[in-house]
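Comments concern the structure below.
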Amino acid sequence: MSGTRKPKTTRKKKDPNAPKRSLSAYMFFANENRDIVRSENPGITFGGVGKLLGEKWKALTPDEKSPYEQKAENDKKRYEQEKANYLAQQQ
DNA sequence: CAAGTGATTGTTTCC
DNA sequence: GGAAACAATCACTTG
């Protein structure tokens, strides 16, 4: 119970260049599951796919997430240079 | 120095 | 085009 939603509290407004952030492991996993889950569940709707996706995501194991987490790591670095370049020009 | 806090990321389906 | 479930994140903010 720390920061689940985003009701609002502190934190600056937004960066001038706003390098945004990186994707999450779920984003990479979802990229592969969207076509697979939906392919195995033809007819299922957002109510099922959306929830079903999350359940399966953890249904696997940290080992299955591994490939996705790996991509997340690479993407994180992507953001790292974004921020670096953003901070450089910002100065 | 430490903790947490928000902001964001992408998918799906739906009107 | 945006909304909500689903999850991770994790770099920045602040005291």
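Note that the coordinates shown come from a computational prediction; the quantities given were computed from them, not determined experimentally. To find a chain, count down the sequence lines: A is the first, B the second, and so on, and within it residues start at 1.
Looking at heavy-atom distances under 4.0 Å, A:Y79 makes contact with sugar-phosphate atoms alone, never a base.
In this structure, the side chains of A:K56 and A:E40 come closer than 4.5 Å at one or more pairs of heavy atoms. Side chains of A:E32 and A:Y68 form a contact here, defined as non-hydrogen atoms less than 4.5 Å apart.
The separation between A:K71 atom NZ and B:dT11 atom C1' is 16 Å, rounded to whole Å. Going from atom NZ of A:K77 over to atom C1' of C:dA11 covers 15 Å, rounded to whole Å. One atom, CG of A:N74, and another, P of C:dA8, lie 20 Å apart when rounded to the nearest Å. Across the protein-nucleic acid pair, A:K20 atom NZ and B:dG6 atom C1' stand 14 Å apart, rounded to whole Å. Atom CD of A:E73 and atom P of C:dC10 are 8 Å apart (whole Å). The CG-P distance, from A:D75 to C:dA11, rounds to 11 Å in whole Å. One can place CZ of A:R78 at 15 Å from C1' of B:dT9, the figure rounded to the nearest angstrom. Rounded to a whole Å, the NZ atom of A:K56 is 17 Å from the P atom of C:dA8.
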Listed pairs, N/O of protein and of nucleotides 5-7 of chain C, under 3.5 Å:
from, atom 1, to, atom 2, distance (Å)
C:dC6, O2, A:Y26, OH, 3.4
C:dA7, O3', A:W57, NE1, 3.2

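In terms of modelled atom types and a separation under 3.5 Å, the side chain of A:D75 and the main chain of A:K71 share no donor-acceptor contact. A distance-only check finds no donor-acceptor pair linking the side chain of A:Y79 to the backbone of A:P19 [under 3.5 Å].
Here A:E73 pairs with nothing under the salt bridge (charged side-chain N to carboxylate O under 4.0 Å, His left out) rule; sequence neighbours left out. For A:Q81, the side-chain contact (heavy atoms from CB on, under 4.5 Å) partners two or more places apart in sequence, or in a different chain, are A:R78.
One donor-acceptor pair, N or O on each side, does fall under 3.5 Å between the base of C:dT9 and the side chain of A:R21.
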